[in-house]
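Single-structure report; data block below.
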Amino acid sequence: MNRIHIVSNRLPVSINVENDNIELIPSVGGLATGMRSVYKEYNGKWIGWPGLPSDELGDNLKTDIEEKLVEEDCVSVHLSKEEIDLYYDGFSNRTIWPLFHYFAQYIDYEPQLWDAFVKVNQKFADKALETIEEGDTIWIHDYQLLLVPEMIKSKKPGVTVGFFLHIPFPSFEVFRILPWRKELIQGMLGADLIGFHTFDYQRHFFSCVRRLMGYEISFNEIHIEDRIILVDSFPMGIDYDKFRDAATQTFQKPLQEKSKLHRELEKYFLVSPNRKLILSIDRLDYSKGIPNRLQAFAKFLEEYPEFIGKVTLIMLAVPSRGTVEHYINLKREVEELVGNVNGRFGSINYTPVWYFYRSMPFESLIELYSSCDVALVTPVRDGMNLVAKEYVASRTNRTGVIILSEMAGVSKEMGEALMINPNNTGEIAQSIYQALTMPLDEQRERMIYLQDRIKRYDVFKWSSEFVKSLRKVEKLQNSIYAK
Ligand code: ADQ
């Protein structure tokens, strides 16, 4: 069986260095979970950045880290502070991210950022080329590494290359704005298999390939001279059983073992048994529609004053990209809005919005998912959105309602959610009312369908389907070469 290697911007471990002692902390995120099963099963390596700027590490420490990573079959690509600034915070997060999420007004067009992007992509490709052999398979992830497929294919054509994009692929009219549009498409076309979360992103990609490069497309194949590139959609799932089992255990724990958060939530319900909780969880990112959500919640309290004192919005925002200007401004805007809503509708014993600007441990996330009556997921653009799936998996009693943006990739799999346009605060306010007053039977009916679907296509199914397609495309290539 051919080896399968993974390449992503970050390795699936973080590194903690204390008094020359190096500790590897495995990441528990969805991608790490799904991919770990793949590269371990197929004897591959995971190539990526270990998360520390290389200029902060001495040569000895760098070597020690590399040796430690070998134990986990990880290969590190070292990046300096300047490279992180220009390639990661720069071209990846100040140019591609806003472009692909339709925030054209935020795009940074600095050629210096592009140059760094090419250089660092080449660094990842070189490290991968050192690690892999002809005949191996490699699976490259996400928008930070769009040029890597071509950089590998051009040097080792016998390697089967897969690429998966975790964010939306924008329509041609948006994509064409970028000066380096052709280079990005060319970079992606080095892959033999290109995957997106949804058919719409796939459709946009085809339209860009046709209009910018003039290549032939037939069904889901792109034909370029003697190559065939397969393009398909693979909606990413979550580790469903992990969320369901953790939620089940949360309810079975004796009171003294429950977390502080859980005890506080119980106290809250004890004080007001008829109170309802709405949950909002995201990275603090302008694509997630957090201000709209707060405005809609305020509108809801304004239109339905009988709910003042009876509904609380718990809003978690994980700090993200805090050095990029638009993120700093967004943080300020969100804090002001939270202050406004609490100032307008709050009282001594009622705080309408509980706002947490921090990452939460897994147990607390589960407690919140399983305790909140409504999940408010309103991104203005989102490749998929795993929070919506995690909420569904954690609802062991099969109640709960999701209010979901039609702009999130996950909306294609969640027809039973209350669908909203995130720019329509009136519609969101109405949906909050509908969710809070929805009979339990109807909640269960919707939740059963959602759970069935999300459980069936979990993260393991997602990765195995992608690997299956990689094998298919590998055979296709071999048959072409054999002719
Ligand atoms: P993200 O934009 O990061 O991912 P999402 O899919 O929602 O968005 O994943 C966020 C993850 O962070 C979830 O697993 C969630 O549990 C966790 N999280 C959120 N808030 C947290 C908090 N306060 N504390 C701890 N954990 C928290 C990108 C794309 C998405 C796509 C994924 C996967 O932008 O569209 O769904 O990749 O492809």
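Each ligand, and each atom within it, is numbered from 1 in the order the structure gives. This structure is a prediction, so every number in the text was calculated from the model and none was measured.
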Q. For ligand 1, which atoms sit closer than 4.0 Å to a heavy atom of Met236?
A. 33 (C), 38 (O)
(Q) As a quick check of understanding, evaluate salt bridge (charged side-chain N to carboxylate O under 4.0 Å, His left out) for Asp282 and Arg293, giving each step before the final call. (A) CA-CA 12 Å; Asp282 316 84; Arg293 202 174 301 170; 2.6 Å; yes
Q) Going by the atom numbers of ligand 1, which of them fall below 4.0 Å from some non-hydrogen atom of Val318? A) 19 (C), 20 (N), 21 (C), 22 (C), 23 (N), 27 (C)
Q) What protein heavy atom is closest to atom 14 (O) of ligand 1, reported as residue, atom name and distance in Å? A) Glu390 OE2, 2.6 Å
Q: Report the part of Arg358 in contact with ligand 1, treating N, CA, C, O as backbone and CB onward as side chain, heavy atoms under 4.0 Å; options are side chain, backbone, both, neither.
A: backbone
Q) Any chance the side chains of Gln451 and Arg398 put a donor and an acceptor closer than 3.5 Å? A) yes
Q: Kindly compute the distance separating CZ (Phe243) from CD1 (Ile238), expressed to the nearest 0.5 Å.
A: 5.5 Å
(Q) Just to be sure I'm reading this right: ignoring hydrogens, which of Met315, Lys288, Arg381 gets closest to atom 8 (O) of ligand 1? Compare them by their nearest heavy atoms. (A) Lys288
Q | Pair Phe234 + Trp462: ring centers closer than 6.0 Å | A | no
Q. How are the rings of Trp49 and Tyr88 set relative to one another: parallel (under 30°), tilted (30 to 60°) or perpendicular (over 60°)?
A. tilted
Q) To which protein heavy atom is atom 3 (O) of ligand 1 closest, and what is the distance rounded to 0.1 Å? A) Arg283 NE, 3.0 Å
Q) Would one find more than 12 heavy atoms of other residues, nucleotides or ligands at under 6.0 Å from atom OH of Tyr109? A) yes
Q: Below 4.0 angstrom from a heavy atom of Leu386, which ligand 1 atoms are there? Numbered from 1 as shown, please.
A: 5 (P), 6 (O), 7 (O), 33 (C), 36 (O)
Q: Find all atoms of ligand 1 within a distance of less than 4.0 Å from any non-hydrogen atom belonging to Gly383, and give their numbers and elements.
A: 35 (O)
Q. Counting only heavy atoms, which portion of Leu316 has something under 4.0 Å from ligand 1: side chain, backbone, both, or neither?
A. side chain
(Q) As an exercise, identify every atom of ligand 1 less than 4.0 angstrom from a heavy atom of His197. (A) 38 (O)
Q.
Tell me whether the rings of Phe196 and Phe169 are parallel (<30°), tilted (30 to 60°) or perpendicular (>60°).
A. perpendicular
Q) By number and element, which atoms of ligand 1 are closer than 4.0 Å to a non-hydrogen atom of Asp382? A) 30 (C), 34 (O), 35 (O)
**Q.** Per-atom contact, atom 35 (O) of ligand 1, protein heavy atoms, under 4.0 angstrom
**A.** yes
Q. Which of parallel (below 30°), tilted (30 to 60°) and perpendicular (above 60°) describes Tyr286 and Tyr106?
A. perpendicular
Q. Does the protein put a heavy atom under 4.0 Å from atom 17 (C) of ligand 1?
A. no
Q. Going by heavy atoms, is Trp97 under 4.0 Å from ligand 1?
A. yes
Q) Does the gap between the ring centers of His166 and Phe164 come in under 6.0 Å? A) yes
Q.
Show the atoms of ligand 1 that are less than 4.0 angstrom away from any heavy atom in Ile281.
A. 19 (C), 20 (N), 21 (C)
Q. Looking at atom 11 (C) of ligand 1, would you say a protein heavy atom lies below 4.0 Å from it?
A. no
Q: May I ask you to test the Met315-Phe297 pair for a side-chain heavy-atom distance under 4.5 Å?
A: no
Q. From atom 38 (O) of ligand 1, is the closest protein heavy-atom distance below 4.0 Å?
A. yes
Q.
Would Leu365 count as being in polar contact with ligand 1, using the rule that some N or O on each side must be under 3.5 angstrom apart?
A. no
Q) Do you know which two heavy atoms are closest between His5 and Asp136, and how far apart they sit? A) NE2-OD2, 2.9 Å
Q | Parallel, tilted or perpendicular: ring planes of Phe91 versus Trp180, cut at 30 and 60 degrees | A | perpendicular
Q) Just checking, is any N or O donor in the side chain of Arg381 or Ser287 under 3.5 Å from an acceptor N or O on the other one? A) no
Q | From the candidates Met360, Lys389, His141, the one that places a heavy atom nearest atom 25 (C) of ligand 1 | A | Met360
**Q.** Heavy-atom nearest neighbour in the protein, as seen from atom 28 (C) of ligand 1, with distance rounded to 0.1 Å
**A.** His166 O, 4.4 Å
Q: Check Met384 against ligand 1 and report side chain, backbone, both or neither, counting heavy atoms closer than 4.0 Å.
A: both
Q. Which ligand 1 atoms are under 4.0 Å away from a heavy-atom of Tyr369?
A. 16 (O)
Q | Region of Asp285 that comes within reach of ligand 1 [heavy atoms, distance under 4.0 Å] | A | neither
Q) In terms of heavy-atom contacts, does CD of Gln105 have more than 12 from other residues, nucleotides or ligands at under 6.0 Å? A) yes
